[in-house]
Each structure stands twice: as structure tokens, then as C-alpha cells.
Q: 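Once you've had a glance at the structure underneath, I'll fire off some questions.
Just so we're clear, the structure is a prediction, and the values are computed from it rather than from any experiment. Letters A, B, ... mirror the listed sequences (proteins, then strands); counts begin at 1.
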Protein chains: 2
Amino acid sequence: MANIKEIAKRAGVSVSTVSRVLNQHPYVSDLKRAAVQRVIDELDYTPNRLAVDLIRKETRSIGVIMPYNNNQAFDQLLHGVLNRSVELDYTVVILPTKYDPDKELSYLNMLKNKLLDGIIITSRSNTWDAILPYTKYGTIVACEFSDHPEIGCAYMDRYESYVNTFQLLKDKGHSQVAFTTARGEESNSTKLTIKAYQNIFGDLPSEYHIRDCYSIDDGVRAAQQLLHLDPRPTAVYANGDEVASGIYQHARSLQLRVPEDLAIIGQENQPVGIGLSLSTVDHQLVKVGEQAFDLTMNRSKDKIEIPYQIIVRHTT
Amino acid sequence: MANIKEIAKRAGVSVSTVSRVLNQHPYVSDLKRAAVQRVIDELDYTPNRLAVDLIRKETRSIGVIMPYNNNQAFDQLLHGVLNRSVELDYTVVILPTKYDPDKELSYLNMLKNKLLDGIIITSRSNTWDAILPYTKYGTIVACEFSDHPEIGCAYMDRYESYVNTFQLLKDKGHSQVAFTTARGEESNSTKLTIKAYQNIFGDLPSEYHIRDCYSIDDGVRAAQQLLHLDPRPTAVYANGDEVASGIYQHARSLQLRVPEDLAIIGQENQPVGIGLSLSTVDHQLVKVGEQAFDLTMNRSKDKIEIPYQIIVRHTT
DNA sequence: GTGAAAGCGCTAACAC
DNA sequence: GTGTTAGCGCTTTCAC
């Protein structure tokens, strides 16, 4: 492919003049500008962005670290990021970790090797201590609250949302309340869910907490474990609407009435929840993603809280 | 940040030697290799990938052109791509078009300006004629069948799948069959759906075709239009399970029995369809995405067909 | 085994 | 307004 030198030669000007017209600098005579443009069109020339980025020390592209890409919650976050990135003509790279800490670190390293201007962490498996050193090389924004001054945050108040949801269940007369989570205690949301539970209900019987729940099938499995317990829980707070729908499905197959025999509330206001009219708490992840992008762009280290919304439908 | 020159100086060797240890070349004495490695560790040095890519003329990253990123079907495709890209240590960039042809072209241009090695097109708004010139700059793979020899394809036989689904409905005794699509006739799937319909049922009453359907709400709207028609359709083939679930919901709110009064079948085997036990035709988009990635990687121009699956549940 | 040097394709400071 | 030139940070001949 032609390069800038070739264009310069053919147009009978210097490379700097070509560069000037490429970058819409003023102070280029109309004559030369036209000549250069003509050669550019003729040769169908496009500047090599690697060379440009190398010298400009900026790529206008950011990465999004996410454990899974087949998960509605993370997709909402990503969707928010993309909403804004398209508008601002940024490029976004997906960095799927499956919660492998080394993989995660290798992605953060893309800041260091100049491939990325910034990174949004939707969920992490490394400690902040391991992540912080990378702030030296680019902006890092998290979709959870972190009090570290180097980290910008777009987040919702998970703890408060969990507390309020459990309180809602308690107010409706439930005292045997179970819940599901994705990962175990290594995860921030799991920790906060447990803490919120204990705040409202006191001791947590370990059999009331089902882990590794992501899909409808996991919800069925959770229900299988939960609904044979004695005493049987009268309500369950699922960590997503897909999981909630699996629980719903299994409860119905057991002839249980929802919500009379079993109340169910999910999270994230996903299609399956709308379809089944499941109650849910919408953490507005699309907005979180949009905010996260804006923070990244602006190299901001602000902490922005996004309000959540409890949506009561027919299952609580 | 330190660069290779700095490392060379501190280690008392030439830059070529540093480059050699960086790229695990043989023929470097253990002594020098160790010295270089020590300095690298000391300075926490990482090579600048922009400079490497510039000279190597390869980025190990590919783009995925997709109209929307909040659409289950495209997410499945993307999921497939990511499954394989992670394994093979490739980077993937999301290129959302909203079906803007210019935006789409500007993304294709990333091949030309060396930012991307290849591009997967999940759905396009440009004609192939407009796209083909870009094959000169990198591999282009489509998630639909194209007979052009320059384009690799991972696809399912949409037309056959549509024909078989309409035939299934006809076999069950339906003669008043409606359907929904996303875009209008500018879209390949819409065209094929119409053609398949005509093949099975003959003339298409225009009111039996509802466009611009993507979400549950769109499904509700479609049902509102469809279910007041006279004669009322007795079956509808939705272009996705979310749309199908909106139709289901509205039909139920009208006290219609499903499938007795109205049969419904969706597409892509999405969570909401599983939750509502909706019949669906699963085009195995995850597998399509995986194949598409492999074709891109191997610079292959093969045409690979992925089998689809009709899943009959409780709504047909 | 090792190093000098010529690029890769571009930008921008500087001189005119 | 325009051209010369010194880089950006790296890989890779080629000669020793």
C-alpha cells in the first residue's frame, strides 16, 4: 500500500504538507491541498493508524474486562459502554476473563503496551492491590464502588439495594428467605448479599445460600435444593432473572403457588423476567456502562452512583 | 516508559540482542540473555505493541460488525466468536453499526488502515459490491451465505429453515399464518422469510407481515395489530423469542388459548422462550460465531453450513 | 553469538 | 505556507 512518502512524491510536495492536509491543518495553500487530495483519491490512500497511534501515544480505544460474554448482566453493561463509544467514535475491545486472574492481568497489561487508552472493569478477580499499579499506564474505571482515589467508579449501591430487597421480603412477612449468587465469597456481590442478609435476618443457614448460579438451569438446580428443605424457604432472592425463572419453573412443577407458597424476586429486569412477570431489582446496568465509558474518556476518577429500582410484579 | 534502547544500554548489549530475547530467539548466550532479562524485570519493561505491530504488519485482532449489541441473536454470534478468540489469544473489537452503511464502511476501513487483521460481518447494510473491495486489505467473513469466492461464510440455511417452519405450521392445519421480521425488504432474512412464506402459502397478505420487531414490546405491538384482523391469524412465526413472548403475553391478555387459538413459534432459543416454554427454531448462532472466527483466523474462504434445530415446546 | 544500521509509516519542531 | 529532519519503538537483514 502506498504511504505518505509516495503521496508526497506524486503530488510534488513534502510529507509534512501531506500530513497537514491529512490532519486538516490550516496554512496549506488551496492549490497544494487540492493536488495532494487528488493523489490521495487516485491511490485510494489511507494513513496507517498504527504509525499514527505510535507517534500520538493514543489509540482512542478502550477495553472492557468482563468475566463472561453470555451473561445478560454483563451484556447490559457492555451495551451501555457501546452506546457512548459509538457516539464519541471510540473503539471498544472485549476482554473476557472467565475470572482467570492471570488473564485479567494480561489484559491490564494492554494499557502498558499502549494498545489501549483505558479499561473498564465490570467485575474482577484480582485484588485492587494487584490492579492499582496499572493505573500508571492508563485510566481504569470500575463498575463497582472502590474508595481508591486512582479508580473512577460508576456503580449502584449494591449493599443498600440488597438490604432493601431483603427488607421488602421481611415486610411481606417472610422469615425463611433464601438467595442465590454467582461466585462464592471471593466475589464482592456475594459478600454484600450475605452481609445484607445478616443485617436483616441475622444468622444465615448455609443451606439458604446457593452458589454458582448463572442460567435458567442453575435456577432449577437451586430450586431443587431449596424446596426440599425443612423448613422450606418462603421466598428467594435470585441473582438474576434467568436464575429466578428457573426457580419459578421448578416451583410451579412442584405445584407451588407463586407468590403465596414461594415469593421470588430476581435482578436486572431481563426479558425472561418481563415475560414471566417476575419481580426484580433493576440495577440499571446500561446506565452504569454509559457512565463508566464517560469516566474513562474523561480520565475521570469520580465516583458516580446510579440509582436502582425495585420492580414489583407478580411474584412477590 | 523505558524502551528497548534503554534496556540495551543498561544491559550492556545491542538492541538486536534485546529484541532476540524478547522474541525467544535461539543463539543468544545464556549470560547476555540473563543480563537482559534482569534489566527487563528491574524496569518492569513491556514492549510497545504498536511499534511491534507496525513493523510486523499484523495485529492479532479482529473486528465484529454487528448492527446492535443489545440483541440476543447478535450476542450469541459474538459469544461464539469470543469463545474461540480467547483460546487463540486474539483480540476482538466490537463494531456496532445500527445499520448505518457509512459507519459500516468506516469499520471496514480499519482493515485498510492496519488496525484489524480481519472482520466478521454478522449482518450488513451495504451491498456485497461495496464490501468486496476491502477483501484486498484483510479477511472478511460473513455469518450468512454469499457465493462470492472472496468471502468466507459460516451460516445456516435460513431459507430452508423458514420453509420448514412454515411447513410445520401448515401441517398442523394452519392456513392463516402471520410473521414478524426485524428490518424490511432491505434485509436478507426478511426477503428469505417472505419467499419461504410464499413458497408454502402462496400470496402474502401484507397485514400478515409486521416489521421492526426486536423486543418484547415490539411483540406486543405486533400482536395488537395481528389479533384484531379478520380473519385472525391462527399462527405466528416471530423473528426471535423475545418478540414471540410479547405476542404470547398479549394473546393471553386477550384470553386467547395458546396454541389452540394461536400458535406461536420464535427463533434462537433464548431464555425468555425457555422460561415460557415457547416453541422456537434454534439457528445455533453460537456455533456460527465460532466457525466464523476460525475462518477469519485461517484466512479461509470456505462456506460452512451449520445445522439448525426446530424445538417444539408448548406453543405450537 | 552479536551489533550496526536501515527501515516500518507517520508527526511535529524548526528553519526558511 | 512549505520542506527538512529527527524521532516514535520496534524488527531484521547483513556483516563480522
Side-chain angles (χ1 to χ4, degrees), chain A residues 1-40 43-61 109-117 137-138, chain B residues 1-40 43-61 109-117 137-138:
Chain A
M1 251 262 308
N3 58 21
I4 198 172
K5 219 166 149 186
E6 174 82 13
I7 305 292
K9 197 167 72 187
R10 298 217 190 190
V13 301
S14 73
V15 292
S16 10
T17 298
V18 178
S19 175
R20 285 186 189 107
V21 349
L22 249 22
N23 298 289
Q24 359 260 12
H25 275 286
Y27 309 129
V28 181
S29 72
D30 289 351
L31 218 71
K32 302 222 167 186
R33 187 183 296 277
V36 168
Q37 194 56 57
R38 201 161 35 73
V39 178
I40 287 179
L43 267 56
D44 193 28
Y45 164 78
T46 304
N48 182 320
R49 272 281 303 268
L50 292 173
V52 175
D53 290 349
L54 172 60
I55 201 163
R56 288 225 179 110
K57 296 176 187 328
E58 194 198 57
T59 60
R60 291 188 72 80
S61 74
N109 208 54
M110 292 173 79
L111 292 174
K112 196 169 163 192
N113 66 26
K114 303 300 178 191
L115 244 26
L116 258 24
D117 292 350
Y137 309 111
Chain B
M1 249 257 314
N3 58 20
I4 197 173
K5 216 166 150 188
E6 174 83 15
I7 305 292
K9 196 167 73 185
R10 297 216 191 189
V13 301
S14 73
V15 292
S16 8
T17 299
V18 177
S19 175
R20 285 187 187 106
V21 347
L22 248 23
N23 298 289
Q24 1 259 9
H25 275 286
Y27 309 129
V28 180
S29 71
D30 289 352
L31 218 70
K32 300 220 169 189
R33 185 182 297 277
V36 169
Q37 193 57 57
R38 203 162 34 71
V39 179
I40 287 178
L43 266 56
D44 192 26
Y45 165 77
T46 305
N48 182 320
R49 272 280 304 269
L50 291 173
V52 175
D53 291 348
L54 173 60
I55 203 162
R56 288 221 181 114
K57 298 176 186 324
E58 195 198 56
T59 60
R60 291 189 72 79
S61 72
N109 208 53
M110 292 173 79
L111 293 173
K112 197 169 162 194
N113 66 26
K114 304 300 179 191
L115 244 26
L116 257 25
D117 292 351
Y137 309 112

Q: With a 4.5 Å limit on heavy-atom distance, are the side chains of V13(A) and V36(A) in contact?
A: yes
Q: Going by side-chain hydrogen bond (donor to acceptor under 3.5 Å, both in side chains), name the pairs with one or both residues in residues 26-38 of chain A, residues two or more places apart or in two chains.
A: Q37(A)-D41(A)
Q: Give a yes or no answer on whether the side chain of N23(A) reaches the backbone of H25(A) with a donor-acceptor pair at less than 3.5 Å.
A: no
Q: At how many degrees, to 10°, do the end axes of the helix from dG1(C)-dC16(D) to dC16(C)-dG1(D) meet when each uses five pairs?
A: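 Taking five pairs per end, the axes differ by 40°.
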Q: Mind checking if S19(B) touches a base, just sugar-phosphate, or nothing, with heavy atoms under 4.0 Å?
A: base
Q: Between dG7(C) atom C1' and N48(A) atom CG, what is the distance in whole Å?
A: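 In whole Å, dG7(C) C1' and N48(A) CG are 14 Å from each other.
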Q: In this structure, how many angstroms lie between the P atom of dA6(C) and the CG atom of N3(A), rounded?
A: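 It is 18 Å, rounded to the nearest whole Å.
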Q: Let me confirm one number: the CG-CZ distance from D117(B) to R60(B), rounded to the nearest 0.5 Å.
A: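 Separation between the atoms: 8.5 Å.
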Q: Is there a side chain to side chain donor-acceptor pair (under 3.5 Å) between N113(B) and T46(A) once you walk through the steps?
A: CA-CA 6 Å; N113(B) 66 26; T46(A) 304; over 6 Å; no
Q: Can you find a heavy atom in the side chain of I40(A) that is under 4.5 Å from one in the side chain of I7(A)?
A: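 Counting from C-beta outward, I40(A) and I7(A) do come under 4.5 Å.
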Q: Starting at atom CD1 of I4(A), determine the distance to atom P of dT4(D), rounded to an integer number of angstrom.
A: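 Distance check: I4(A) CD1 to dT4(D) P gives 14 Å.
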Q: Would you indicate whether the side-chain heavy atoms of T17(B) and V28(B) approach each other to under 4.5 Å?
A: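 Yes, at least one pair of side-chain atoms sits under 4.5 Å.
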Q: Remember a base hit wins even if backbone is also touched, and classify V15(A) as base, sugar-phosphate or nothing at under 4.0 Å, heavy atoms.
A: base
Q: Mind running a 4.0 Å heavy-atom check of residues 50-60 of chain B against DNA chain C and sending the residues that fall below it, in number order?
A: L54(B), I55(B), K57(B)
Q: How many angstroms lie between atom NZ of K114(B) and atom OH of Y137(B), to the nearest 0.5 angstrom?
A: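 The OH atom of Y137(B) is 8.5 Å from NZ of K114(B), to the nearest 0.5 Å.
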Q: Kindly write out the residues that satisfy salt bridge (charged side-chain N to carboxylate O under 4.0 Å, His left out) with D53(B), not counting sequence neighbours, or none if the list is empty.
A: R49(B)
Q: Ignoring hydrogens, what is the shortest heavy-atom contact between S61(A) and L115(A)? Give both atom names and the distance.
A: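 Residues S61(A) and L115(A), closest heavy atoms: OG-O, 3.4 Å.
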Q: For the atom pair CD1 (I4(B)) and CG (L22(B)), what is the distance rounded to the nearest 0.5 Å?
A: 5.5 Å
Q: Grab the NZ-C1' distance between K9(B) and dA4(C) for me, whole Å please.
A: 17 Å
Q: Is a side-chain N or O of N109(B) found less than 3.5 angstrom from the main chain of K112(B), in a donor-acceptor match?
A: no
Q: Tell me: CG of L115(B) to P of dC8(C), nearest whole Å?
A: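 My rounded result for the distance is 20 Å.
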Q: Check each residue of residues 21-39 of chain B for a non-hydrogen atom within less than 4.0 Å of any atom in DNA chain D, then write out the ones that pass by number, or none.
A: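 Listed by number, they are N23(B).
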Q: Less than 4.5 Å apart, any side-chain heavy atom of T59(B) and any of L50(A)?
A: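 SC-SC contact between T59(B) and L50(A) confirmed.
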Q: Please write out the pairs of protein N or O atoms and N or O atoms of nucleotides 13-15 of chain C separated by less than 3.5 Å, giving the distance to one decimal.
A:
none

Q: Find the distance K5(B):NZ to dA4(C):C1' and express it as a whole number of Å.
A: 12 Å
